[in-house]
Amino acid sequence: MSMDAELFPRGRTVVAPGAVHLPDWLDAGRQRRLLQACRDWARPPAGLRTVHTPGGGTMTARQVCLGWHWYPYGYARTVVDGDGSPVKPFPDRLAGLAREAVTDALGAEALAAGASAAYDIALINFYDGDARMGMHRDSDESCDAPVVSLSLGDTCVFRFGNTETRTRPYTDVELRSGDLFVFGGPSRLAYHGVPKVYAGTAPPELGLTGRLNLTLRAGGFPPGAAP
Ligand SMILES: O=C(O)CCC(=O)C(=O)O
């Protein structure tokens, strides 16, 4: 444990209105089970893929989706920018995890307010090497339910900004393995990104080289239909 960690134990932090960081939310056992599930989801068909943006860019974090397939910039039921396979189903247990996360981070009222919003999308990002993610908003959903973010493996700098610009003001938060970050309400459409991942900082007992992030979202799309 670093001296900083001893002097300043990590606690719940409200980073912006509706944006809350809960350190160490997943215990070691839940992290291990979630990692194992991610390894299964990453397999083809509809497995981990490299994402290309319409402007000719390549995202350095590779991605796999559950429930709905995200591509720049929309959602589909099949991997329209990859192998064309149907997206893997979104498991009920992730919906339960999302509800638990929102309740712990923002209170039961936040969940009740978004009660019509069923969590039905997971985007799983894998960061290795020099992977990072530029500042962006999660704005392709038709629903304002909070976004739930879970981190596994290496520690990163998560930059949480404002709803107006990609630039300052923003707050840099260190996300470690097991941490939960939820952003909803006035922060739902805030710009955010991952400027840095600290290689080799994952808990050794987890057995992951690199970083995984799961974001759980509610699409709000008509059942069965492509939006
Ligand atoms: O990896 C992270 O912590 C952020 C992921 C993210 O911003 C996204 O999937 O939209």
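We count ligands from 1, going down the list as the structure has it; atoms in each ligand are counted the same way. Given the structure is predicted, the values throughout are model-derived calculations rather than measurements.
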Original post:
Going by distance alone, is a donor N or O of one side chain under 3.5 Å from an acceptor N or O of the other, for Asn213 and Ser149?
Top reply: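 Side-chain D/A pair, Asn213 to Ser149: present.
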Original post:
Does the side chain of His21 come under 3.5 Å of the side chain of Asp179 through a donor N or O and an acceptor N or O?
Top reply: yes
Spatial distance of atom [atom1] ([X]) from atom [atom2] ([Y]) [nearest 0.5 Å]:
{"X": "Lys196", "Y": "Glu174", "atom1": "NZ", "atom2": "CD", "result": "11.5 Å"}
{"X": "Leu48", "Y": "Arg39", "atom1": "CG", "atom2": "CZ", "result": "12.0 Å"}
{"X": "Leu123", "Y": "Tyr75", "atom1": "CG", "atom2": "OH", "result": "5.0 Å"}

N/O of [X] under 3.5 Å from N/O of ligand 1, yes or no?
{"X": "Arg211", "answer": "yes"}
{"X": "Asn213", "answer": "yes"}
{"X": "Gln63", "answer": "no"}

Taking only heavy atoms of [X], which atoms of ligand 1 are found under 4.0 Å from at least one of them?
{"X": "Val194", "value": "1 (O), 2 (C), 3 (O), 4 (C)"}
{"X": "His192", "value": "6 (C), 7 (O), 10 (O)"}
{"X": "Asn125", "value": "5 (C), 8 (C), 9 (O)"}
{"X": "Arg217", "value": "8 (C), 9 (O), 10 (O)"}
{"X": "Met133", "value": "5 (C), 6 (C), 7 (O), 8 (C)"}
{"X": "Tyr127", "value": "1 (O), 2 (C), 4 (C), 5 (C)"}
{"X": "Asp138", "value": "10 (O)"}

Original post:
When Phe160 is tested against each of Phe181, Tyr170, Tyr191 for ring pair (Phe, Tyr, Trp, His ring centres under 6.0 Å), which residue passes?
Top reply: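 Going through Phe181, Tyr170, Tyr191 one by one, the ring pair (Phe, Tyr, Trp, His ring centres under 6.0 Å) with Phe160 is satisfied by Phe181 alone.
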Original post:
Quick one: nearest non-hydrogen protein atom to atom 10 (O) of ligand 1, plus distance?
Top reply: His136 NE2, 2.8 Å
Original post:
Between Trp25 and Arg30, is there a cation-pi geometry (under 6.0 Å to ring centre, at most 45° from the normal)?
Top reply: yes
Subject >> Option among Asp140, Asp144, Asp120, Asp138 that satisfies the salt bridge (Lys or Arg N to Asp or Glu O under 4.0 Å) test with Arg217 >> reply: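 With Arg217 as partner, Asp140, Asp144, Asp120, Asp138 yield a single salt bridge (Lys or Arg N to Asp or Glu O under 4.0 Å), made by Asp138.
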Original post:
Under a 4.0 Å heavy-atom limit, does Met135 contact ligand 1 with its side chain, its backbone, both, or neither?
Top reply: neither
